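Heads up, the thing below is written out as structure tokens.
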Amino acid sequence: MDTPRLLTDDIRDLFSDLAVPHPVTGQPVDLQASLAALTASVKHAVPSYRGLALTLVIDEQPVSVIFAEGGDTSDIVTSLCLSLAWVPLLRRDSQITFYASVPGTFVDLAADLTVALGSENLLLDEDLPLALVSDLTGVRRLSTINEAVGVLIGHGHTPDGAQRELRQLAGTTRISIHRAAEAVIENPSSARWD
């Protein structure tokens, strides 16, 4: 079995499923099934797999979701962090990190993935939490940005124009996109946004 190819295919499929509806039914694709396929591929390659952390950078805001395998995950001793720059439509700083409980278990997989992906966007043992807990972070900040885009659209901007306006505000005032979004929301009726 070609585990690196299957694993990269499963990662690609997961993000393809996020982007498009099912080609036959037109309904959203079952992301749980895509994630299950990815997890099964990792477990096949690494039986001591304990979970994963997925970080997507959207509008310069990282949104992270952690999926921990059931039970106590305080035995994590190794990780494999893979940049997702090779996945279409994802920003270069998006990444997926896999965790396991047996030292050195990712070494061969990392070497195989480096060959399969034609890059060295892999890090071993860079992010070792004391325990892995399923969680979702960064959504509130992304929601603030989306709310500001809505305010700007209300002032006559197109969605793309609203994004550009936020970036321009952040750049000229030397603040983050999130802080620029907060400034828009704090004074939504300002003529400045017209």
Side-chain angles (χ1 to χ4, degrees), residues 1-20 29-145 176-178:
M1 176 186 273
D2 185 3
T3 301
R5 185 188 57 74
L6 288 176
L7 184 58
T8 57
D9 287 349
D10 286 338
I11 292 170
R12 231 183 239 110
D13 289 348
L14 176 65
F15 293 105
S16 295
D17 289 351
L18 287 172
V20 296
V29 178
D30 185 355
L31 294 177
Q32 187 171 357
S34 294
L35 187 59
L38 172 61
T39 301
S41 292
V42 178
K43 284 180 181 179
H44 181 267
V46 180
S48 66
Y49 168 80
R50 304 299 282 141
L52 66 87
L54 174 64
T55 300
L56 302 180
V57 180
I58 305 165
D59 292 328
E60 299 180 22
Q61 173 58 47
V63 175
S64 297
V65 61
I66 298 172
F67 297 99
E69 289 290 298
D72 180 18
T73 57
S74 62
D75 61 346
I76 293 170
V77 296
T78 188
S79 68
L80 171 64
C81 180
L82 172 62
S83 166
L84 296 173
W86 55 275
V87 178
L89 304 176
L90 292 184
R91 286 186 43 133
R92 181 166 197 77
D93 38 1
S94 294
Q95 63 188 30
I96 190 167
T97 304
F98 302 101
Y99 300 96
S101 60
V102 173
T105 197
F106 286 122
V107 173
D108 289 340
L109 181 59
D112 291 343
L113 285 172
T114 298
V115 171
L117 297 173
S119 70
E120 295 185 12
N121 293 324
L122 300 165
L123 296 172
L124 286 170
D125 301 334
E126 291 290 316
D127 178 23
L128 295 174
L130 296 176
L132 200 62
V133 178
S134 294
D135 196 9
L136 176 65
T137 60
V139 174
R140 185 172 308 226
R141 285 169 130 347
L142 184 59
S143 177
T144 300
I145 293 168
S176 69
I177 293 286
H178 179 255

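Please read these numbers as outputs of a predicted model, since none were measured by experiment.
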- Query: Tell me, do Val46 and Leu109 make a side-chain contact under 4.5 Å, heavy atoms counted?
  - Reply: yes
- Task: Evaluate the side chain to side chain contact (heavy atoms under 4.5 Å, CB included) criterion for residues Val133 and Ile66: first the C-alpha distance (whole Å), next the side-chain angles of each, then the deciding distance (0.1 Å), finally the verdict.
- Result: CA-CA 7 Å; Val133 178; Ile66 298 172; over 6 Å; no
- Gap separating the CZ atom of Arg50 from the CD1 atom of Ile76, nearest 0.5 angstrom: 7.0 Å
- Task: Give the minimum heavy-atom separation between Leu132 and Leu52, together with the two atoms involved.
- Result: CD2-N, 4.0 Å
- Rounding to 0.5 Å, atoms CG (Leu80) and CD (Gln95) come to a distance of 11.0 Å
- One should read off an interatomic distance between Asp75 CG and Ser101 OG, to the nearest 0.5 angstrom, of 4.5 Å
- Residues two or more places apart in sequence or in another chain: which of them pass side chain to side chain contact (heavy atoms under 4.5 Å, CB included) with Ser64? Thr55, Thr137
- Starting at CG of Leu142, measure out to CD1 of Ile177 and round the result to the nearest 0.5 Å. 11.5 Å
- Note on the structure: Applying side chain to side chain contact (heavy atoms under 4.5 Å, CB included) to Val77 and not counting sequence neighbours gives Pro103
- Query: Which heavy atom of Glu69 sits nearest a heavy atom of Thr39, and at what distance?
  - Reply: OE2-CG2, 3.9 Å
- Item | Pairing residues for Asp108 by the salt bridge (Lys or Arg N to Asp or Glu O under 4.0 Å) criterion, not counting sequence neighbours | none
- Quick one: side chain to side chain contact (heavy atoms under 4.5 Å, CB included) partners of Ala131, sequence neighbours excluded? Thr73, Ser74
- Task: Can you see which heavy atom on Phe106 is nearest to which on Phe98, and at what distance?
- Result: CE1-O, 3.5 Å
- Donor-acceptor pair, Ser79 side chain versus Tyr99 backbone, under 3.5 Å? no
- Item | With sequence neighbours excluded, residues passing side chain to side chain contact (heavy atoms under 4.5 Å, CB included) with Val107 | Leu124
- Between the OG atom in Ser83 and the CG atom in Asp93, the distance rounded to the nearest 0.5 Å is 8.0 Å
- Asp125: partners by salt bridge (Lys or Arg N to Asp or Glu O under 4.0 Å), with sequence neighbours left out: none
